[in-house]
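Contents: one structure, followed by commentary.
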Amino acid sequence: GCVLVVSVIEQLAQWHNSTVKAAMERLCSYIPGKYPVIRHMLSCIDREMNADVVCHSLKLCKQDPGQPLCHLYSPPKVIKHSPGLFYALAYKSFMGFSSVCAFPLLANLCEKIKYALRNNLPFEDLDGDKFSTFPTLRGYHWRGRDCDDRNNTVYPGRRPDNWDEERDSNCNGIWGVDPKDGIPYEKKFCKGADSQGVVLLGDSAGAHFHIPPEWMTVSQMSAKSFANLPMAFTNELDWPQFSEITGFLNSTIGGWTDSLYLRLRSRNRCNHRDLQNISKNGGSSGNLPHLLKSLARNQLLDNPAIVIYATIGNDVCNGNNDTLAYMTTPKEMLSNVMQALRYLDTRLPNGSHVILTGLVDGRFLWDNLHDRYHPLGQLNRDITYSQLYSFLDCLQVSPCMGWMTPNETLRNLTSERALQLSNVLKEIARSEKFANFDIFYMDFPLRQTAEKWHRMGGEPWQLIEPVDGFHPSQIAAALGTSITWQKALQEWPQVLGKENPFNDEIEAIFKDQGGH
């Protein structure tokens, strides 16, 4: 974090031909809120010191005995130690920030936020039905927006209460009675329409992890660049509202939004708001059973759902030096997935569907990025993704030691294990049966996505998030949706349900009545 911030400050000074102090003030004016630690941390920057030197001088970066010196830039010949005052100020600021929850007035609020994030539940949920009217902190960016947060019998995805004659019990916007014939709108338009929701069980790729490149590309940087920072942090740097499975808003981070939810909603307007993104940064087959506890589905009262199980990398990805020893084994994968599926069988309404998605072949990352310049290195052409990967490996915080490495043998072994785990999923889909859902398997469509993007005139590196060099980009998410949809139409049409012939009439009434 220190190296990143100092790098941006130094590049801002270079780009605007200003002093470091002026560049620091410029960055602080861009960022909403006040971050005094940045001011203290950067007080000692010397134009001749690179970010590694500054951060080691402040002791915010350190070299443990027997460990290599971690650096993003060329190794410094000498590390100058700045006056202890600056370190003391920075340390005090960090400690002050971390202990803010010690204040009595904030303690309860902090604990509630921690509980919500730890359990993947909405922070603001007055009636406890696991749906919210607040967007972030696991609110309606993650699952359908509640339309009455003071009544826990009203929420997205339930079957209509008395055909919603008097209220919108399932929050799809369809309720009341047609004055022409006395028939409830919900009964007229949605009875027998195969209404169903979509649920994603996934990892940071499914949650759609994204760090905006304009946060560290000084040639594009302005106050507008950081306008979305509060929202991003309260969504854990995830953007589920634009994601491949549950996206529902027009993308503001490049590319476009196309999702399984939007296509199901277009196919049947009665599916409006019936979505849940139960994904977590670091999600894997091992911790997914815990994430599943936040699923909101009542077997007796709710509609069936299409559940996408997609932990596409973390069972082989970790930051340990001995990465192969920490990968999930096929035996563990079988046990973990079966535990999750058995739980789903106790929660999903009859007639649901589960699609198991195979792991990605992450060799795509090194092959297409290693010699390209990272956004932080584009101004001076001094940081490649290979250097970034090595820096993260050295710090032992790499999201995937097995694929983000120059070691071709290790990359191949990681892909070999990923294929073994995908074959476990494929065999489960072939051989296992469950009472309340049928089950299917599909490979992660990376190859088809790359081929489709190439036909559209794109480059393969554009399918990868530019800042972290690891996650699928917005373009990859949108293209992946179209490929998955086509496969489902061709091979499992029963999963998608039939088209609702009343869609146009529903939309016309919506427009005429201003929303309902």
Side-chain angles (χ1 to χ4, degrees), residues 110-132 134 136-146 149 152-153 155-158 196-209 234-236 238 240 243 245-246 273-312 314-315 328 332-350 352-357 425 428 432 434-437 439:
C110 286
E111 285 304 313
K112 187 176 179 182
I113 291 175
K114 289 178 184 177
Y115 176 84
L117 296 182
R118 186 168 55 246
N119 293 282
N120 307 292
L121 293 170
F123 164 70
E124 186 176 285
D125 178 17
L126 300 179
D127 57 14
D129 59 9
K130 300 182 181 180
F131 294 91
S132 178
F134 189 76
T136 60
L137 291 171
R138 293 280 163 171
Y140 69 76
H141 281 174
W142 297 83
R143 49 184 83 204
R145 184 172 183 167
D146 204 340
D149 206 22
N152 63 10
T153 67
Y155 54 85
R158 66 159 293 167
Q196 59 184 342
V198 59
V199 178
L200 173 63
L201 309 176
D203 50 24
S204 52
H208 204 30
F209 185 88
T234 51
N235 264 342
E236 305 158 58
D238 296 322
S243 64
I245 304 300
T246 63
R273 293 191 184 180
D274 196 356
L275 63 102
Q276 296 182 57
N277 191 319
I278 303 177
S279 298
K280 187 79 171 177
N281 298 339
S284 68
S285 70
N287 56 38
L288 202 59
H290 171 72
L291 298 181
L292 266 176
K293 304 298 182 182
S294 67
L295 174 68
R297 217 64 180 180
N298 185 305
Q299 278 190 323
L300 299 178
L301 297 178
D302 297 349
N303 287 320
I306 302 174
V307 177
I308 310 296
Y309 184 109
T311 55
I312 66 171
N314 287 324
D315 283 284
T328 302
E332 291 169 337
M333 188 74 168
L334 176 62
S335 175
N336 294 340
V337 176
M338 288 303 298
Q339 180 183 351
L341 292 174
R342 292 188 187 105
Y343 179 79
L344 284 174
D345 207 24
T346 68
R347 298 298 303 276
L348 292 178
N350 190 262
S352 294
H353 313 280
V354 173
I355 299 174
L356 303 177
T357 305
L425 296 173
I428 289 174
E432 297 293 338
F434 297 89
N436 290 304
F437 58 82
I439 187 166

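Residue numbers run from 1 in the order of the sequence given.
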Give, for atom [atom1] of [X] and atom [atom2] of [Y], the distance between the pair rounded to the nearest 0.5 Å.
| X | Y | atom1 | atom2 | value |
| --- | --- | --- | --- | --- |
| S352 | R347 | OG | CZ | 12.0 Å |
| H141 | H208 | NE2 | NE2 | 13.0 Å |
| S285 | Q339 | OG | CD | 10.0 Å |
| L121 | Y115 | CG | OH | 6.0 Å |
| N350 | D345 | CG | CG | 9.0 Å |
| Q276 | L200 | CD | CG | 10.5 Å |

Could you walk me through whether S294 and N120 pass side chain to side chain donor-acceptor pair (under 3.5 Å), step by step?
-> CA-CA 6 Å; S294 67; N120 307 292; 4.8 Å; no

Given I245, V354, L288, the one that forms side chain to side chain contact (heavy atoms under 4.5 Å, CB included) with L201 |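 Looking at I245, V354, L288, the match for L201 under the side chain to side chain contact (heavy atoms under 4.5 Å, CB included) is L288.
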
Considering non-hydrogen atoms only, spot the tightest contact between [X] and [Y] and give its length.
| X | Y | result |
| --- | --- | --- |
| I312 | A205 | CD1-CB, 3.7 Å |
| R145 | R273 | O-NH1, 3.2 Å |
| N277 | S243 | ND2-OG, 3.6 Å |
| F131 | P122 | N-CG, 4.2 Å |
| S204 | N281 | CB-OD1, 3.2 Å |
| L348 | R297 | CD2-CG, 4.4 Å |

Could you name each residue pair satisfying side chain to side chain donor-acceptor pair (under 3.5 Å) that touches residues 121-131, not counting sequence neighbours?
->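 Not a single pair qualifies under side chain to side chain donor-acceptor pair (under 3.5 Å).
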
Which pairs would a plain distance check flag for residues 300-309, meaning a side-chain donor or acceptor within less than 3.5 Å of a matching protein atom at least two apart in sequence or in another chain?
unit_1	atom_1	unit_2	atom_2	d
D302	OD1	Y155	OH	2.6
D302	OD2	N298	N	2.6

Enclosure of F434 CZ (heavy-atom neighbours >12, cutoff 6.0 Å) | yes

Is any side-chain heavy atom of [Y] closer than 4.5 Å to one of [X]?
| X | Y | answer |
| --- | --- | --- |
| L117 | R138 | yes |
| M338 | L341 | yes |
| I278 | R143 | yes |
| N235 | W142 | yes |
| N119 | H290 | yes |
| R158 | T153 | yes |

From CA spacing to verdict: side chain to side chain donor-acceptor pair (under 3.5 Å), D315, T328 = CA-CA 5 Å; D315 283 284; T328 302; 2.7 Å; yes

Short question: side chain of D203, backbone of T311 - any donor-acceptor pair under 3.5 Å?
-> no

